There are 2 protein chains.
Amino acid sequence: MPEKPELDFPRPLTTVDVVIFAIRSDALQVLLVQRPRTETEPFPGAWALPGGFVDIAGDRDLEACAARKLKDKTGVVSPYLEQLGSWGSAMRDPRGWSATHAYFALLPEHAAGGPLAADAQWFAIEGEKVRPKLAFDHAEILQAAVQRLRSKVEYTSLPAYLMPPEFTLPELQRTFEIVLDRPLEKSAFRTRMLAADLIEPVARMRKGPNRPAQLYRLKKAKAPVFFARTFNPPG
Amino acid sequence: MPEKPELDFPRPLTTVDVVIFAIRSDALQVLLVQRPRTETEPFPGAWALPGGFVDIAGDRDLEACAARKLKDKTGVVSPYLEQLGSWGSAMRDPRGWSATHAYFALLPEHAAGGPLAADAQWFAIEGEKVRPKLAFDHAEILQAAVQRLRSKVEYTSLPAYLMPPEFTLPELQRTFEIVLDRPLEKSAFRTRMLAADLIEPVARMRKGPNRPAQLYRLKKAKAPVFFARTFNPPG
DNA sequence: ATACTTAGTTGTACAGTCCAACTAACTTAG
DNA sequence: CTAAGTTAGTTGGACTGTACAACTAAGTAT
């Protein structure tokens, strides 16, 4: 064994990628960025998750690095940022052994409407994928993010982070349904949401062509609520 | 901007750590290793999670690296190995910016009884901690592992991986209770386990000083089962 | 007024947990 | 041989929350 063997080990490339979700046009969408068309870069011109190398001089930790990359592309700070997992192997990046730390973020509708970085664009989720072929193993990471989001939406209040500051219960239910891609039962949904210490009514109504609906807002600084059951007990 | 700026970025140290759980002496225990007492190593003599640097020449991917480290310390292959998350920051390792990919593994009782590496030892979980002070941020990682395990045990069949090849329903319930650190209701537990397509009876009974109990085994190659509810609805 | 649409409630059925009491099968003490 | 003790396993009633469906409420449009 040589001295200081470990520090002399070659180190993997280390990146952070962020899967940024929002509801836009009544659909679940994800933010992608187009890779530069430089020949020295892998996957030139392909779409990829926003992300990049950890800056060990500037980034305090992985989450700060993820928040920075999110802010770079959207200009906003996400109300919800969760670590998704890490992917590392010899093959995933043609430049060599690399590992990425993946996060996923939920942006409220109004925040997702703002200006984006020039290379960024929203894409609708279709199934667990997105239409363009993604760089690296980002299709796999995106699929894991969609699965994780859907599975948590079964028993948590995560979609509340996708809502504007004030919203009605039918709008909240619609957001759950968009994420889950299946209809939910109205009365059970209302019972569950109102029983949770999650939202509170505001003194206004949403007026439309039909019966007005009560407006609610998230109780302040609210962490996601965990429910004791999934929505539909399985088969 | 210099050319090839990113590849010339200094890279973080990259490690993999494994939180290995087993039931021993009717308690949830975790495997720790004692760090070498070499002066050039950080935390000499302290207890730490088994792990170490990724070998980019030998390890195909992160999970293979975790499985290798598990095998090094216990000699066995875990029936359950799940990624827990990653921790990376400028401060967690005195040698510089480092990131670790943490996994957690569940060993069946009989596999956890075998010979260990010389520097390895089992420790009981007390609360969400272990008695010795751990190196690096391993106390935080261990705490996250215990929380993840407990939370998943509320609605999955994970403890089945901690059981020997044949076991009774009361033994399985006891394992759930050890992990959750709280008693469960007998009839609801049996209903749930038998309704799940998880275990099957074998043609033998566990004989003891009292009424014999039916022996079961896991249905083969069984992925963990997810239940639609937690055990005790909160509130 | 009447039809239409969406918001919100109500009632019955059902699934599964909670709690408690019960029966079953074995060992040990006397 | 019987009685006591222990653990395995079942049963039944109360309760919680979803499923399904029908209902009422409040607005707009014709």
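Each chain gets a letter, A, B and so on, in the order its sequence line appears, and its residues count up from 1. Given the structure is predicted, the values throughout are model-derived calculations rather than measurements. Side chains included, hydrogens not; waters and symmetry mates left out as well; all remaining heavy atoms used.
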Rounded interatomic separation in angstrom, taking [atom1] from [X] and [atom2] from [N]:
X      : N      : atom1 : atom2 : answer
A:Q214 : C:dT9  : CD    : P     : 10 Å
A:E171 : C:dT6  : CD    : P     : 13 Å
A:F231 : C:dA15 : CZ    : C1'   : 17 Å
A:L172 : C:dG8  : CG    : C1'   : 15 Å
A:R229 : D:dC15 : CZ    : P     : 16 Å
A:F227 : D:dT16 : CZ    : C1'   : 15 Å
B:L184 : D:dG9  : CG    : P     : 17 Å

Is there a donor-acceptor pair under 3.5 Å between the side chain of [X] and the backbone N or O of [Y]?
X      : Y      : answer
B:R148 : B:L84  : yes
B:D61  : B:E63  : yes
A:R192 : A:R229 : yes

Audit row: A:F123, A:W47, ring-ring contact (aromatic ring centres under 6.0 Å, His included) steps and yes/no = CA-CA 10 Å; A:F123 288 82; A:W47 291 94; 4.9 Å; yes

Which class fits the ring pair B:F104 and B:Y80: parallel under 30°, tilted 30 to 60°, perpendicular over 60°?
->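 Aromatic pair B:F104/B:Y80 classed tilted.
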
What class does the angle between the rings of A:Y155 and B:Y155 fall in, given that below 30° is parallel, 30 to 60° is tilted and above 60° is perpendicular?
->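 Answer is tilted, since the angle falls between 30° and 60°.
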
Would you say A:K219 has more than 12 foreign heavy atoms packed within less than 6.0 Å of its NZ?
->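 Counting neighbours around NZ of A:K219, more than 12 heavy atoms of other residues, nucleotides or ligands fall under 6.0 Å, so yes.
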
Please assess B:Q173 against B:M193 for the test side chain to side chain contact (heavy atoms under 4.5 Å, CB included), listing each intermediate value before the final yes or no.
-> CA-CA 9 Å; B:Q173 181 174 349; B:M193 290 304 144; over 6 Å; no

Tell me which residues in residues 185-200 of chain B put a heavy atom below 4.0 Å from DNA chain C, sorted by number, or none.
->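 By residue number: B:E185, B:S187, B:A188, B:R192.
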
For DNA chain C, the residues among residues 157-170 of chain B that have a non-hydrogen atom under 4.0 Å from it |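 Heavy-atom contacts with DNA chain C come from no residue of residues 157-170 of chain B; none.
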
What pair of heavy atoms forms the shortest contact from A:V179 to A:R150, and how long is it?
->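 Looking at all heavy atoms of both residues, the shortest contact is O-NE, 2.7 Å.
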
Charged N to carboxylate O below 4.0 Å: is that the case for A:E82 and A:K152?
->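 Between A:K152 and A:E82 there is a salt bridge, with a charged N closer than 4.0 Å to a carboxylate O.
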
Are A:R182 and A:E177 close enough for a salt bridge, meaning some N to O gap below 4.0 Å?
->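 Looking at A:R182 and A:E177, the cut-off is not met.
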
Take nucleotides 24-30 of chain D nucleotide by nucleotide from the 5' end and write B, S or -, depending on whether a protein heavy atom sits under 4.0 Å from the base, only from the sugar-phosphate, or from neither.
-> -BBBS--

